[in-house]
There are 2 protein chains.
Amino acid sequence: MSEVAATGISVLLVDDHPIVRQGYRRVLESQGDLHVVAEADNAADAYGAFKAHDPDVVVLDISMPGASGLEAIRNIRARSPRARILVFTMHNEAVLVKAAFGAGASGFVTKSSEPSAVVTAIRSVARGERAMSDDIAHILAEESLSPTGSVLDQLGEREIEILRQFAGGATTEQIAAHLNLSVKTVQNYHYLIKSKTGARTDAQLVRLAASCGLTRI
Amino acid sequence: MSEVAATGISVLLVDDHPIVRQGYRRVLESQGDLHVVAEADNAADAYGAFKAHDPDVVVLDISMPGASGLEAIRNIRARSPRARILVFTMHNEAVLVKAAFGAGASGFVTKSSEPSAVVTAIRSVARGERAMSDDIAHILAEESLSPTGSVLDQLGEREIEILRQFAGGATTEQIAAHLNLSVKTVQNYHYLIKSKTGARTDAQLVRLAASCGLTRI
DNA sequence: TGCAGCTCGGGCAAATTTCCCAAGCCGGAT
DNA sequence: ATCCGGCTTGGGAAATTTGCCCGAGCTGCA
């Protein structure tokens with residue numbers, strides 16, 4: 001592994017937009033102590049690049065959600081528990097942030113942050129510290145004060161899975177077949193999810209799922 | 001106005017993410033002939049910055065959709081018909097592209113394009129040419145061949161309005177009350193819209209509406 | 001004039017949603 | 001060990017909605 005103090009901080013950049021990667025690369029390299037040693041344009045390639053270059057920090061954008069971003073984090077951490085991963089995305093849902101940290105991320109910075117915030121966060125993460133941008137901290141703080149946590153916290157695993165598929169456009173039959181359940185059970189879940197979340201309409205459910213990063217539109 | 005050949009191309013950068021702007025700025029300036037003379041972080045400020053700096057090209061990102069991006073384009077073009085605007089976004093829906101050109105954009109490049117594509121597009125647009133990235137051209141070409149144009153083209157005004165409200169989360173009753181229609185009529189529209197668009201599920205309908213910019217999530 | 005398409009709504013069988021209920025399971029608290 | 005609570009799975013029955021067919025009034029256009 002690299003000696004941070006001696007050689008600076010090596011960074012693996014994961015983002016699905018080439019131009020965005022190039023931009024970040026320039027911003028980071030202009031700092032002097034940050035070196036982008038590799039790039040990947042999708043979650044699947046991220047681990048290969050990580051193994052090949054053993055960077056001090058992985059800066060992972062990925063338009064998220066879906067789960068591919070989270071999977072990439074888990075993927076890397078599962079095999080290299082030492083890995084430092086900084087999530088850098090335009091999304092700012094509390095659920096997403098929690099999920100990212102839960103999956104093993106060391107930091108979470110939104111794109112609305114000052115450019116310097118990313119750089120600072122990378123250095124913090126490289127030192128083994130946790131890091132997040134101010135807006136994320138506020139959102140998390142706000143959320144921890146409100147009695148009602150994230151909407152998804154009220155839902156069980158099965159419910160979340162069914163909500164995801166439903167919001168993705170699947171019919172009740174398709175979901176039932178997919179999960180090996182009776183149509184009736186899926187219908188009941190559908191109803192249960194609506195009551196739990198307070199959604200009165202399927203459309204509201206879809207919007208909810210989307211705003212929680214459960215599905216991308 | 002500036003002499004392109006003599007002074008290079010001046011660019012106004014509009015993007016809501018500061019770090020992204022900084023990245024683009026570096027990428028563009030490294031080209032030698034491109035100079036970022038101003039930045040704006042929202043559609044509303046874009047025109048002010050345009051008037052103040054009279055750039056050769058406006059590179060406009062804006063997370064879109066909504067309409068704020070389109071409004072910014074119309075806004076600028078309405079008062080400065082000479083303005084060259086290059087839309088640069090991660091969205092690639094045909095409807096959005098058409099809307100952008102319809103609003104007066106000169107070019108449309110997606111973020112999935114090669115970095116060089118943006119630079120090339122900026123130069124083309126500065127010369128007064130139309131420009132678009134390969135993927136956009138393919139999507140438009142594909143669409144022009146399919147008998148079904150944009151999904152929204154098949155829908156009447158009333159249908160679109162009902163679809164918008166429905167996708168926004170309104171119940172059938174609310175829509176009926178809002179538009180002074182019988183619930184039955186709204187139900188019939190709901191059904192009609194589904195058959196016309198081929199959506200089999202309410203969720204699919206919402207996604208469709210969102211992808212057409214009919215509703216923001 | 002006549003056709004075509006949008007808007008509006010009735011009707012009715014079939015499907016779905018809405019609730020209520022029960023049972024098995026599992027983990028944590030007593 | 002036992003009980004409680006929550007998740008998961010489904011049945012049942014009434015209430016609604018959907019899927020499709022229909023007719024009527026209106027407008028624009030050939």
Side-chain angles (χ1 to χ4, degrees), chain A residues 67 95 98-99 102 146-209 212 214-215, chain B residues 95 146-209 212 214-215:
Chain A
V95 235
K98 285 184 176 177
S146 87
T148 74
S150 156
V151 195
L152 290 191
D153 291 349
Q154 327 164 38
L155 272 49
E157 207 175 298
R158 223 56 288 216
E159 291 160 342
I160 291 190
E161 182 53 33
I162 286 175
L163 173 55
R164 183 205 313 284
Q165 295 195 27
F166 169 75
T171 67
T172 305
E173 285 88 350
Q174 290 173 332
I175 298 177
H178 230 264
L179 299 180
N180 239 232
L181 295 176
S182 85
V183 168
K184 182 65 202 187
T185 299
V186 177
Q187 290 175 336
N188 277 335
Y189 270 116
H190 192 337
Y191 167 71
L192 226 196
I193 294 168
K194 274 204 223 176
S195 6
K196 277 194 180 181
T197 59
R200 326 200 44 272
T201 280
D202 284 355
Q204 291 177 14
L205 220 46
V206 175
R207 302 170 69 86
L208 190 87
C212 289
L214 246 192
T215 187
Chain B
V95 234
S146 86
T148 74
S150 159
V151 195
L152 291 189
D153 291 349
Q154 328 163 37
L155 301 176
E157 207 176 296
R158 221 59 282 222
E159 290 160 343
I160 290 189
E161 183 53 32
I162 287 175
L163 173 55
R164 181 204 315 283
Q165 295 195 27
F166 169 76
T171 68
T172 305
E173 284 89 350
Q174 290 173 331
I175 298 177
H178 222 264
L179 299 180
N180 240 230
L181 295 176
S182 86
V183 168
K184 181 65 198 183
T185 299
V186 177
Q187 291 175 335
N188 277 335
Y189 271 115
H190 191 336
Y191 167 70
L192 228 195
I193 294 169
K194 274 207 224 173
S195 11
K196 279 194 179 181
T197 59
R200 327 202 42 268
T201 280
D202 284 354
Q204 291 177 14
L205 221 46
V206 176
R207 302 170 69 85
L208 191 87
C212 289
L214 245 193
T215 187

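For B:Thr185, no side-chain nitrogen or oxygen approaches OP1 or OP2 of C:dC8 to under 4.0 Å.
Between the P atom of C:dC19 and the CG atom of A:Leu192 lies a distance of 12 Å, rounded to the nearest Å. Separating the CG atom of A:Asn188 from the P atom of C:dC21 is a distance of 14 Å, rounded to the nearest angstrom. Spacing between atom NE2 of B:His178 and atom C1' of C:dC8 amounts to 19 Å, rounded to whole angstrom units.
Counting only residues at least two apart or in different chains, ring pair (Phe, Tyr, Trp, His ring centres under 6.0 Å) contacts with residues 178-208 of chain B comprise B:Phe166-B:His190.
Looking at A:Gln165 and A:Thr215, their side chains never come closer than 4.5 Å, going by heavy atoms from C-beta outward. At least one side-chain heavy atom of A:Leu181 sits less than 4.5 Å from a side-chain heavy atom of A:Ile162.
If you take CD1 on A:Ile175 and CG on A:Asn180, they are separated by 14.0 Å, rounding to the nearest 0.5 Å. Taking CG of B:Leu208 as the start and CG of B:Asp202 as the end, the distance is 12.0 Å to the nearest 0.5 Å.
Between A:Arg158 and A:Glu161, no side-chain nitrogen of the basic residue sits less than 4.0 Å from a carboxylate oxygen of the acidic one, so the salt-bridge criterion is not met.
Scored by the side-chain contact (heavy atoms from CB on, under 4.5 Å) test, A:Asn188 finds A:Lys184 as partners (sequence neighbours excluded). Taking A:Thr172 as the reference, A:Val183, A:Val186, A:Gln187 meet the side-chain contact (heavy atoms from CB on, under 4.5 Å) condition, with sequence neighbours excluded.
Remark: the backbone N or O of B:Gln204 is not paired with any side-chain donor or acceptor of B:Thr201 at under 3.5 angstrom.
Where DNA chain D meets chain A (any atom under 4.0 Å from a heavy atom), the bounding nucleotides read 5' to 3' are D:dC7 to D:dA13.
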Which protein N or O atoms sit under 3.5 Å from an N or O of nucleotides 2-6 of chain C?
none

Nucleotides 12-17 of chain C: protein proximity per nucleotide (B base, S sugar-phosphate only, - neither; heavy atom, under 4.0 Å): B---SB

